Amino acid sequence: MRLMLDFFRAYPGHTVFMLVALLLSGIAEGIGLSTLLPLINVALGQDVSQAVTGVATSGAQRDFEQKVLDVLDALHIAPTLGNMLAILVVGVLIKSIFLLLAQRQVGYTAAQVVTDMRLAMLRAVLRSRWEYFLHQPVGKLTNALATEAQRSSTAFVNGATAITFFIQALVYGAVAFALSWRASLVAIGAGALVIGLSHFLVRITRKAGSRQTHLLGALMANLTDTLQSVKPLKAMARDHLADQALSGDTRRLNRALRKQVLSAAVLDSAHELMFTLFICLGIWVALERFSMALPTVMVLVVALGRAFSFFGKVQKQYQKLAQGESAYWSMKSAIAEASANEETLSEGVTPTLEQGLRFSDVSFGYDGHSVFRSLDLEIEAGCLTTLVGPSGSGKTTIIDLAIGLLRPDSGSIAIDGVPLQEIDLRAWRGMIGYVPQDTTLLHDSILHNITLGDPELDEAQAESALRAAGAWEFVERLPQGMATVVGERGGKLSGGQRQRIVIARALINRPRLLILDEATSALDAESEEAVRNTMESLKGKLTILAISHNRAMVQAADRVYQMSAGGALGLDAEARSGLAK
Ligand code: ADP
Ligand code: MG
């Protein structure tokens, strides 16, 4: 029930509306129901006013019926069969209207819950620190957005439905209580016993639900990972290995789901059996032992029977809630964790890039594993600086530090003399055109892949960016040109074509600093030449930092840094020509 309190705190307005509508619907139902006893007496042909003095009716019943008749009298309604049936129908009608209102509110709130949770999760994850994000499996995130949000909202609906049934159970219980408090007390005892005996089924479901949450997360993380590397798996006939790993989790998930279905079914049958037993026993005791009047017993059976059935339904809904609850807490804690790892972006000085970017005495390591120590590096404004070095020497790490995705363990990184930590990072990143090492595209048109949906960019700008990236020729030849959809992760294009499109994406925003992380590695001589020409023409207008082993990029560079394990060395022109051989 902690889950419902959480929701109520988050949506107080919705909650009050829902609860008031439910209460009113309960009251309407109670009013309709209270005409049942006089109604049956009328139907059985007993004079209502005589029936109240009948021998077999006890004091409480007489009181109750008399009160109902008094109220009818005060309202100038004759206690005829027609009138009382009409009250019953109107009661049910009003109840249905309020119930509908309440349920509509529940539906709206549920939709709101999923939307809010999805947005909160997305925002928190997108704003989190890069180092935090790196450790998050993408599949887990997809799973949270898809299944966990949905299960949370279903759990909320289950909780709200449980409350609805609870109020209805109270109404029937109250009518039964007014008729015979002794019989009702016994019935409440019996009901509590049934609920208590069945509670272990709720516990089983809760555990299975937790397991489902856990397994789904793991499975989706695994699945996404595997699906992204299907090609090598298939090429080397290792797909059965992935199959084995995934089917293990899938089978465990199956077991958890089976447990949930089974315990729900057992709860259903157990309720029905036990409640029927108690009601039959009650009828027998009332008629045989206490010689109660048949109309009274009939009304009691209806009221208590319905109260029982509603209490049973409350427990069933609670069981469903218990099944989905863990998804809510899992998502909630993921959101909280991501929010706690939010990076502060837009506080500080608006950057300029007039002189350059300087690393002084910078040391950095991932989780305590040092990548480099005391690194000094200067990226002069308006120049092309090229970084070369063996893989794993920390070139990409230098770029991540320059972008502010990572923070140095010690030393300082400064832009025109202003330390990076004092700079408005959002503004700084807005000045950067970035081409990453692994180029995957969005499953969309080439145009969209270049503009990323920015409404301020048009086709003409995209075309000139494509030209500058040496990509226009091949795009032009495609049957649908820039409207061509590139397939999942750009799979319909070659590696070199993808790279040039990503270079165009980096250029279209007219960046002040262009960063290319091995962005020309998959290019043929011709497109490499085109990119080099672009770099030559851009030099002076903007600052370029390129990681490349490409002869052209090394030759075009104003300065080349050779990375070695544990530091960086500046190379002069001689060394450069040696490297470029
Ligand atoms: P390069 O780009 O020069 O090939 P990187 O900068 O990507 O090298 O990596 C430098 C070193 O840091 C490598 O040894 C790599 O294993 C390690 N490394 C890179 N990224 C991470 C990460 N997210 N977590 C832990 N270690 C990492
Ligand atoms: Mg790299």
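It should be emphasised that the depicted structure is a prediction, and the values quoted were computed from it without experimental measurement. Numbering of ligands and ligand atoms starts at 1, following listing order.
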Give a yes or no on whether a salt bridge exists between D6 and K332, defined as a side-chain N under 4.0 angstrom from a carboxylate O. yes

If the condition is salt bridge (Lys or Arg N to Asp or Glu O under 4.0 Å), which residues does K541 pass it with, not counting sequence neighbours? none

Do V106 and H14 have side chains that approach each other closer than 4.5 Å (heavy atoms only, starting at C-beta)? no

If you measure from atom 13 (C) of ligand 1 to every heavy atom of G368, S393, G394, G392, which option wins on shortest distance? G392

Could you tell me whether R129 atom CZ has more than 12 heavy atoms of other residues or ligands within 6.0 Å of it? yes

For ligand 1, which atoms sit closer than 4.0 Å to a heavy atom of S391? 4 (O)

Heavy-atom distance from atom 15 (C) of ligand 1 to the protein below 4.0 Å? no

I'd like to know if the side chain of D517 pairs up with that of Y434 as donor and acceptor (distance under 3.5 Å, no hydrogens or angles considered). no

Got the closest protein heavy atom to atom 9 (O) of ligand 1, with its distance? T397 OG1, 3.7 Å

Note: V371, heavy atoms under 4.0 Å from ligand 1, region reported as side chain

Hey, is L134 touching ligand 1 through its side chain, its backbone, both or neither, going by heavy atoms under 4.0 Å? side chain

Hey, are E148 and R151 close enough for a salt bridge, meaning a charged N less than 4.0 Å from a carboxylate O? no

Flag if over 12 foreign heavy atoms under 6.0 Å of CD, Q228: yes

Proximity winner for atom 22 (C) of ligand 1, if only heavy atoms of F133, Y366, F364 are counted: Y366

Leaving waters out, which protein N, O or S atoms fall under 2.8 Å from the Mg ion (ligand 2)? T396 OG1, Q437 OE1

Nearest protein heavy atom to atom 7 (O) of ligand 1, by residue and atom, and its distance? T396 CB, 3.6 Å

Tell me whether the guanidinium CZ or amine NZ of R407 lies under 6.0 angstrom from the six-membered ring centre of W130 and within 45° of its axis. no

Can you say whether the rings of F7 and F156 are parallel (under 30°), tilted (30 to 60°) or perpendicular (over 60°)? perpendicular

Can we say R429 and E343 salt-bridge, meaning some charged N sits less than 4.0 Å from an Asp/Glu carboxylate O? yes

